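Position 1 is the first residue of the sequence, and the numbers go up from there. Everything numeric here is computed off the predicted structure, so don't read it as measured data. Both counts, for ligands and for their atoms, begin at 1 and track the order of listing. Note: hydrogens, waters and symmetry copies are ignored here, and every other heavy atom, side chains too, is used.
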Amino acid sequence: MQNHDNLINGEWVAGQSYSPNLNPSNLADVLGQYAQGDAAQVDAAVAAATAAFPAWATGSVQARSDALDKIGTEILARKEELGTLLAREEGKTRAEGIGEATRAGHIFKFFAGECLRLAGETLPSVRPGIGVEITREPVGVVGLITPWNFPIAIPAWKIAPALAFGNCVVLKPADLVPGCAWALAEIISRSGIPAGVFNLVMGRGSVIGNALVGHAGIHAISFTGSTGVGRSIALECVKSGKKVQLEMGGKNPQVVLDDANLDQAVELSVQSAFYSTGQRCTASSRLIVTEGIYPKFIEAMKARMAKIKVGDALAQGTDIGPVSSQSQLDQDLEYIQIGKDEGATLAAGGERLKLSTDGFYMAPALFSESAKTMRINKEEIFGPVASVIRVKDYEEALATANDTEFGLSAGIATTSLKYATHFKRHSQAGMVMVNLPTAGVDYHVPFGGRKGSSYGPREQGKYAQEFFTTVKTAYTQA
Ligand SMILES: NC(=O)C1=CN([C@@H]2O[C@H](COP(=O)(O)OP(=O)(O)OC[C@H]3O[C@@H](n4cnc5c(N)ncnc54)[C@H](O)[C@@H]3O)[C@@H](O)[C@H]2O)C=CC1
Ligand SMILES: O=Cc1ccc(S(=O)(=O)O)cc1
């Protein structure tokens, strides 16, 4: 069984101990042993990044661009292998895994271009004879803390802009899925980037994540994960004056109006509620349906859900793989019980499935007759569980959609231009979809939410420079 080490200052460094990386489709399948680092390794990684920073920050942008392009090219060339690894360690289907690896490759190539386009401004001063230049400089050494649900795309979409804009990186991936992050680090280690510019320290959040957040040598933290951890990280960062960016939970609404195309509304609801096992921050978990279409919608959803094949993530024909871990499965099943106890009707699914391999399988669940005040409609479940809320009309649908502490993505299924236009303007979400699933975003445009979903500048696209650079204003007397 291969040991996978941490990458610090260009060297592979053994962990204090090693943890097995288990396949959630088949617990008998162990992908390998992955290093558990400690606070001393975080210190060493930050020291290496600090030493590498001056040359990287002021060096050739062509060299940065070439390295990012090379990383993207290798990921794309190996997308099937990496996608298979991803499916094996996280449990999304192989097709979804290959799609995610492809996204990661495109992200590196996108930022290979972006680093050449980083622009400033020159303005006349209000005082005669003086010029003003506004430029962007890297922030410094950044800590990137990533979750388990997108094990290659989320590391990619934090690493690529960080490096493109001249920062040095310490990546701490989710303990549950270190395999893709390690494979990415291995590719980056051969890209021509100098030692210390990129470092990988695997291990527990409470050890490695905590040490990174509290480290005086870290200038900024970019985090994706749960709301509780995100908020505690933000507090620590504010105390020590670090820049911070958080992508956290969602309770994304999918509105379906009477005038919607029923087949399309059902398909996009199934896609965004249940695909990737519902483990996407952009998944729809509240299906808000006007009363004229409600009965037909419930029946059509049940019929469509009966065709979903839950199975081994690597098997041909699987639509939905397992839940990622025992604790996530326990959480999902607990919410099924909570929904029943609250009086919602379990219209389909929700049971633990025993298949031919020992994995964390459950049938996607749909609650009907649910109320917006129920816990299943207020708290992020992060599994293949959705509930339908019946509303009178568009106005009630919009108010219900916005009645949440989160605001990541929101969707509407309608053939009315009037309602679509109004929803785009009045939804309190950072990303709005018309006749499209709430999950399914492009890699080259901003990603992020409002209210409790996100904090700090947007990720992705050219907007990523807001977080990974700092602005300097320079005055010159001619
Ligand atoms: N919005 C999203 O994309 C995601 C949301 N979640 C939500 O979070 C719940 C728990 O999942 P977890 O993997 O446990 O998420 P988490 O928020 O605990 O972990 C996310 C990352 O933060 C690290 N971390 C944990 N504690 C830390 C600390 N004290 N200081 C610094 N870093 C720390 C973890 O090791 C991981 O790398 C899920 O059930 C789901 O509801 C989880 C993953 C992604
Ligand atoms: O990498 C994060 C990520 C990638 C994709 C999506 S979506 O499924 O396309 O919405 C969400 C987050």
Original post:
At a 4.0 angstrom heavy-atom cut-off, what protein residues surround ligand 2?
Top reply: Arg103, Phe150, Ala153, Ile154, Trp157, Arg280, Thr282, Ala439, Gly440, Val441, Phe447
**OP:** Could you tell me whether some N/O pair between Asp175 and ligand 1 is separated by less than 3.5 angstrom?
**Re:** no
Subject >> Side-chain heavy atoms of Arg204 within contact of Gln36, under 4.5 Å >> reply: yes
Original post:
Should Met248 be counted as touching ligand 1, given the test is an N or O pair under 3.5 Å?
Top reply: yes
Subject >> ligand 1 contact on Phe223 by region, counting heavy-atom pairs under 4.0 Å >> reply: side chain
**OP:** Report the distance from atom CG of Leu163 to atom OG of Ser65, rounding to the nearest 0.5 Å.
**Re:** 12.0 Å
**OP:** Please confirm whether Arg204 comes within less than 3.5 Å of ligand 1 when only nitrogen or oxygen atoms on both sides are compared.
**Re:** no
Original post:
Which heavy atom of the protein is the closest neighbour of atom 37 (O) of ligand 1, given with residue, atom name and distance?
Top reply: Thr146 O, 2.7 Å
Original post:
Cut-off 3.5 Å, side chains only: do Glu89 and Asn21 have a donor facing an acceptor?
Top reply: yes
Original post:
If you round to the nearest 0.5 Å, how far is CG of Leu287 from OG of Ser269?
Top reply: 5.0 Å
Original post:
atom 12 (P) of ligand 1: which protein heavy atom is closest, and how many Å away?
Top reply: Trp148 NE1, 3.7 Å
Subject >> The one among Pro178, Gly209, Gly205 that brings a heavy atom closest to atom 28 (C) of ligand 1 >> reply: Gly205
Original post:
How long is the gap from CG on Asp175 to OH on Tyr34, to the nearest 0.5 Å?
Top reply: 12.5 Å
Original post:
Using 30° and 60° as the class limits, which term best fits the ring planes of His444 and Phe110: parallel, tilted or perpendicular?
Top reply: perpendicular
Original post:
Which protein heavy atom lies closest to atom 8 (O) of ligand 1, and at what distance to 0.1 Å?
Top reply: Ser226 CB, 2.9 Å
Original post:
Just how far is it from atom CZ of Phe447 to atom OG1 of Thr282, taken to the nearest 0.5 Å?
Top reply: 5.5 Å
**OP:** Please could you name the atoms of ligand 1 that Gln328 approaches to less than 4.0 Å, counting only its heavy atoms?
**Re:** 38 (C), 39 (O)
**OP:** Below 4.0 angstrom from a heavy atom of Asn149, which ligand 1 atoms are there? Numbered from 1 as shown, please.
**Re:** 3 (O), 44 (C)
**OP:** Going by heavy-atom distance to atom 20 (C) of ligand 1, choose the closest among Ile145, Thr224, Val229.
**Re:** Thr224
Subject >> Ligand-residue contact atoms, ligand 1 with Ala174, heavy atoms, under 4.0 Å >> reply: 37 (O)
Subject >> Salt-bridge criterion met for Lys462 and Glu114 (N-O under 4.0 Å) >> reply: no
**OP:** Please check if the distance between the ring centroids of Trp157 and Phe150 is under 6.0 Å.
**Re:** no
**OP:** Kindly assign one of parallel, tilted or perpendicular to the pair Trp12 and Trp182, based on the angle between their ring planes and the thresholds 30° and 60°.
**Re:** tilted
Subject >> Per-atom contact, atom 24 (N) of ligand 1, protein heavy atoms, under 4.0 angstrom >> reply: yes
Original post:
Quick one: are Gln460 and Ile107 in side-chain contact, heavy atoms under 4.5 Å?
Top reply: yes
**OP:** Under 4.0 Å from a heavy atom of Lys172: give me the atoms of ligand 1 that qualify, with their elements.
**Re:** 35 (O), 37 (O)
Original post:
Got more than 12 heavy atoms from elsewhere within 6.0 Å of NZ, Lys79?
Top reply: no
Subject >> Close N or O approach (Gln331, ligand 1; < 3.5 Å) >> reply: yes
Subject >> Cys281 neighbourhood, listing ligand 1 atoms whose heavy-atom distance to it stays under 4.0 Å >> reply: 1 (N), 2 (C), 3 (O)
**OP:** Give the residue and atom name of whichever protein heavy atom lies nearest to atom 4 (C) of ligand 1, and the separation in Å to one decimal.
**Re:** Phe382 CZ, 3.4 Å
Original post:
Distance only, no hydrogens: is a donor on one side chain within 3.5 Å (strictly under) of an acceptor on the other, for Lys92 and Thr277?
Top reply: no
**OP:** Look at atom OH of Tyr443 and say whether more than 12 heavy atoms of other residues, nucleotides or ligands are closer to it than 6.0 Å.
**Re:** yes
**OP:** State plainly whether the residues Arg103 and Glu100 are in salt-bridge range, i.e. N to O under 4.0 Å.
**Re:** no
Original post:
Considering only protein heavy atoms, which is closest to atom 43 (C) of ligand 1, and at what distance to one decimal place?
Top reply: Pro147 CB, 3.5 Å
